[in-house]
Amino acid sequence: MRKPCCKEEESNKGCWSKQEDQKLMDYIKAHGEGRWRSIPHAAGLRRCGKSCRLRWLNYLKPGVKHGDFGEDEEDLIIRLHALLGNRWALIAGRLPGRTDNEVKNYWNCHIRKKLIHMGHDLNNLHGFRSSVLAPFKSIGPKINEVPECNINSFPDLNLDLTLGTSSEEKEALQD
DNA sequence: AATATCTTCAACCGCTACCCC
DNA sequence: TGGGGTAGCGGTTGAAGATAT
């Protein structure tokens with residue numbers, strides 16, 4: 001039997017209140033991130049460490065963007081997903097200010113539906129990847145060689161697909 | 001205006017990777 | 001080297017808001 005990460009009766013669940021957010025922010029500003037397990041007690045929060053970590057990373061951390069994704073961000077997510085699969089943390093790492101949770105939600109709610117509506121068969125990963133990654137001729141054959149796309153399969157692939165450089169990246173990849 | 005249904009997204013859960021002793 | 005503790009990740013859930021009837 002796995003030990004629960006925190007005592008059930010001692011922790012709040014559900015949405016965070018403004019007071020809880022403030023306590024967590026104040027504590028992290030004063031002491032920095034890390035040692036999440038000890039943060040709730042030290043900060044006077046009735047939450048488990050995991051919950052604190054998630055709240056900080058997804059919502060409170062300075063620089064986290066909220067709201068609509070731009071077309072360029074959406075395009076990047078689609079291409080990265082075709083390349084990496086459901087590796088949301090990796091994908092989010094290429095989108096400044098976006099979190100894995102937000103990217104995952106956006107994919108599931110918006111992009112997935114949009115692609116299905118456009119006639120893409122998301123169960124047919126091979127076909128989907130081929131069509132999405134068609135502009136990247138140089139890596140196309142490699143992608144088709146691996147059954148499950150793995151970032152480690154492309155040691156020579158520059159994955160610095162940060163926003164604002166997509167056109168340069170396309171050119172570089174086509175060279 | 002009331003109710004049902006759908007959509008969105010914050011938060012939780014369970015598993016795995018990693019680190020330290 | 002392996003065992004325990006912690007952090008991080010991805011899948012899933014459920015509450016709240018939006019929209020349709």
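Letters go in sequence order (proteins before strands), and every chain restarts at 1.
- Across every non-hydrogen atom of A/I28 and A/W56, the tightest pair is CD1-CD2, 3.4 Å.
- For the pair A/W56 CH2 and B/dA11 C1', the computed distance is 18 Å after rounding to whole Å.
- Residue A/S51 places at least one side-chain N or O closer than 4.0 Å to OP1 or OP2 of B/dC12.
- Residues passing the side chain to side chain contact (heavy atoms under 4.5 Å, CB included) test with A/D21, sequence neighbours excluded: A/W16, A/R55, A/L60.
- Protein atom CZ of A/R55 is 18 Å distant from nucleotide atom P of C/dG8, rounded to whole Å.
- The aromatic ring centroids of A/Y59 and A/H66 lie less than 6.0 Å from each other.
- For B/dC12, the OP1/OP2 oxygens have a side-chain nitrogen or oxygen of A/R47 closer than 4.0 Å.
- The CZ atom of A/R35 sits 9 Å away from the P atom of C/dA7 (whole-angstrom rounding).
- Straight-line distance from the CG atom of A/L24 to the P atom of B/dA11: 11 Å, rounded to whole Å.
- Of the side-chain N and O atoms in A/W36, one or more sit less than 4.0 angstrom from OP1 or OP2 of C/dG8.
- Between A/P40 and A/G49, the closest heavy-atom pair is CG-N, 3.6 Å.
- Nucleotide B/dT8 holds its P atom 19 Å from the CG atom of A/N58, rounded to whole Å.
- In this structure, A/L45 atom CG and B/dA11 atom P are separated by 13 Å, rounded to whole Å.
- Partners of A/I78 according to the side chain to side chain contact (heavy atoms under 4.5 Å, CB included) rule, which considers only residues two or more places apart in sequence or in another chain, are A/E74, A/W107, A/I111, A/L115, A/F128, A/V132.
- Across A/I91 and A/G85, no two heavy atoms sit closer than the pair CD1-O, 3.6 Å.
- Atom CG in A/L54 sits roughly 14 Å away from atom C1' in B/dG14 (whole-Å rounding).
- Phosphate proximity of C/dC9 to A/R53: present, with a side-chain N or O under 4.0 Å from OP1 or OP2.
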Decide yes or no on side-chain contact (heavy atoms from CB on, under 4.5 Å) for A/L24 and A/L45, but give the supporting numbers first.
CA-CA 8 Å; A/L24 183 58; A/L45 289 161; 4.0 Å; yes
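- Closest to the A/K50 side chain, of the nucleotides B/dC15, B/dC12, B/dA10, is B/dC15.
- Computed from coordinates, the A/L90 CG to C/dG8 C1' distance equals 12 Å when rounded to whole Å.
- The side chain of A/K13 lies closest to B/dC13 when the candidates are C/dG10, B/dC13, B/dA10.
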Heteroatom pairs (N/O) under 3.5 angstrom, protein to nucleotides 11-15 of chain C:
from: C/dG11; atom 1: OP1; to: A/N86; atom 2: ND2; distance (Å): 3.0
from: C/dG11; atom 1: OP2; to: A/W88; atom 2: NE1; distance (Å): 3.0
from: C/dG11; atom 1: N7; to: A/K104; atom 2: NZ; distance (Å): 2.5
from: C/dG11; atom 1: O6; to: A/K104; atom 2: NZ; distance (Å): 3.0

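- Contact annotation: A/R37 side-chain N/O to C/dT6 OP1/OP2 distance is under 4.0 Å.
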